[in-house]
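Every number for a ligand or one of its atoms is a count from 1 in the order of the listing.
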Amino acid sequence: MSKIAVLPQRSEEARPSLGPADGLGSYEFSPSLVTLSDPSGVQAEAIRALRTHIMAQHVQQGRRALAVCGANPGVGSTFTAANLTMSLSQIGVKTLLLDCNLRTSGVEQLITPAAPAGSLRQCLETSTGFIGECIDEDVLPNLSVLYSGGPAPNAQELLASERFEDLMNSCLRDFHVTIVDTPPANSCSDARRVSTVVGYSLIVARRGRTFMSDVKTLVGQLRSDHAKVIGTVLNEG
Ligand SMILES: Nc1ncnc2c1ncn2[C@@H]1O[C@H](COP(=O)(O)OP(=O)(O)OP(=O)(O)O)[C@@H](O)[C@H]1O
Ligand SMILES: [Mg+2]
C-alpha cells in the first residue's frame, strides 16, 4: 500500500480562528484548518503535496470522489478531509466536503456555520426534496459543505439506503470533486459502506496511535468490498 503523504506535526504557535470579522462570510474557521490559517506552514505544504497527487492520479483520471477513512479513532481523518477540500477549492476546483460521520461528526468544529442549510441526516431521513437544498453552498469560493447532522441512532440504516446512493450521484453531478469524511473504521462499518458507494478511499494512520495490523485489516476489508484504496496518509502530528 503506497504512502502518498506525510503530515508533519503542527507548530506550537497558537493561532486565532478566522471568521466574519476577517471578511470570511458567516462561518467560523478553526486554526486546525491550516490551509487557511497557516498557508505557508509545513502542514499546509504537505496537504498541497497530497492535493497534487490526488489531482494527477485520481481526479484527472475521471475519479471525482474520495472517502477519507481513519483506521482507528482520532487519527486525523477529519483534519485531512477538511484541509484537502480547502486546498482543492483554493486552486479553483469546485469541491464539496461531505461529512458522512453520523456518529461523532467533526466538520462543524472546523467550519462552524451560524445556521447550516441542512444536513446529511435530514436529507437521508426525508425521501423527498432536493438534495442540493441541504448543502451549504460557497462557504468560501468553490468550497461547499454538507454537514452530518448527527449523531443519528440509525446511522447504518441511513447510509445503507438507496437515497444515500442517489445523494452521492447528485454530488458527483454538481461538484467537480467530493471529499467524504467517515467515522473510524474499526468502530463501525459505516466507512466501509461509504467507501463502497464512493468507490475510492484514502486511509489515514497516525504515528503512535495506529497499529499496522489495523491498516492491513481495513485495506483487506475495503478490497473485499470492491472499494479501491488509493493510498495512505501518515499523520505525524
Ligand atoms: N498533524 C496534526 N497536528 C496536530 N494536531 C492534529 C494533527 N492531525 C490531527 N490533529 C488534531 O487531532 C485531533 C483529532 O483529529 P481529527 O478530529 O481530524 O481525527 P479523526 O480521525 O477525524 O477523529 P474521529 O475518530 O473522532 O473522527 C483534532 O484536535 C485535530 O486538530
Ligand atoms: Mg473525524
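- Atoms of ligand 1 found under 4.0 Å from any heavy atom of P73, numbered from 1 in the order shown, are 25 (O).
- Between the S161 side chain and the L159 main chain, no donor and acceptor come within less than 3.5 Å of each other.
- In this structure, atom 10 (N) of ligand 1 has protein heavy atoms in its sub-4.0 angstrom surroundings.
- Distances below 4.0 Å separate heavy atoms of G76 from the following atoms of ligand 1: 15 (O), 16 (P), 18 (O), 19 (O), 20 (P), 21 (O).
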Are I91 and N142 close enough, and set up right, to give a side-chain contact (heavy atoms from CB on, under 4.5 Å), and what steps lead you there? CA-CA 9 Å; I91 54 166; N142 293 308; over 6 Å; no
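- Between the side chain of S17 and the main chain of S30, no donor-acceptor pair closer than 3.5 Å is present.
- Below 3.5 Å of separation, one finds an N or O of S77 facing an N or O of ligand 1.
- Around atom CD of E162, no more than 12 heavy atoms belonging to other residues, nucleotides or ligands sit under 6.0 Å away.
- Listed by number with element, the atoms of ligand 1 under 4.0 Å from a non-hydrogen atom of V75 are 19 (O), 20 (P), 21 (O).
- Residue T182 does not count as close to the Mg ion (ligand 2), with no N, O or S atom under 2.8 Å.
- Proximity of E28 to I111: side-chain heavy atoms (C-beta onward) are nowhere separated by under 4.5 Å.
- Protein heavy atom in closest approach to atom 22 (O) of ligand 1: T78 OG1, 2.7 Å.
- Between the CZ atom in R192 and the CG atom in L218 there is a gap of 8.5 Å [rounded to 0.5 Å].
- The side-chain tip of K228 does not point at the ring of Y200 from less than 6.0 angstrom away and within 45° of straight on.
- Ligand-side atoms of ligand 1 in range of Q43: 1 (N), 2 (C), 3 (N), range being under 4.0 angstrom from any heavy atom.
- Tested against T210 for a side chain to side chain donor-acceptor pair (under 3.5 Å), the candidates N235, N186, N72 yield a single pass: N72.
- Contacts between P183 and ligand 1, counted as non-hydrogen atom pairs separated by less than 4.0 Å, are absent for every part of the residue.
- Remark: the S105 side chain and the E108 side chain contain an N/O donor-acceptor pair separated by less than 3.5 Å.
- In terms of protein heavy-atom proximity, atom 18 (O) of ligand 1 is nearest to F79 N, 2.8 Å.
- Every atom of ligand 1 is numbered from 1 in the order shown, and the set under 4.0 Å from a heavy atom of N101 is 27 (O).
- Salt bridge E165/R193: present, at least one basic N to carboxylate O contact under 4.0 Å.
- For atom 28 (C) of ligand 1, no protein non-hydrogen atom is found at a distance below 4.0 Å.
- Distances from atom 25 (O) of ligand 1 to the heavy atoms of A185, G74, G106 put G74 nearest.
- Considering both main-chain and side-chain atoms, D181 never comes within under 3.5 Å of ligand 1 through any nitrogen or oxygen pair.
- Considering backbone and side-chain atoms together, N235 places an N or O closer than 3.5 Å to an N or O of ligand 1.
- Considering only heavy atoms from C-beta on, T232 stays 4.5 Å or farther from V204 through its side chain.
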Kindly indicate, with the supporting measurements, whether the criterion side-chain contact (heavy atoms from CB on, under 4.5 Å) is fulfilled by D136 and Y27. CA-CA 10 Å; D136 281 59; Y27 297 81; 2.5 Å; yes
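- By the criterion of a heavy-atom distance under 4.0 Å, neither the backbone nor the side chain of T80 is placed next to ligand 1.
- Against a heavy-atom cut-off of under 4.0 Å, G237 is close to the following atoms of ligand 1: 1 (N), 2 (C), 3 (N).
- Heavy atoms of R206 found under 4.0 angstrom from ligand 1 belong exclusively to the side chain.
- At least one heavy atom of P8 sits closer than 4.0 Å to an atom of ligand 1.
- Of the protein's heavy atoms, R10 NH2, 3.0 Å lies nearest to atom 5 (N) of ligand 1.
- Side chain to side chain, T35 and Q90 fail the donor-acceptor criterion of an N or O pair below 3.5 Å.
- Using a 4.0 Å cut-off between heavy atoms, S32 contacts ligand 1 through its side chain alone, with no backbone atom that close.
- Of all atoms in ligand 1, numbered sequentially from 1 with element shown, those under 4.0 Å from a heavy atom of P184 are 25 (O).
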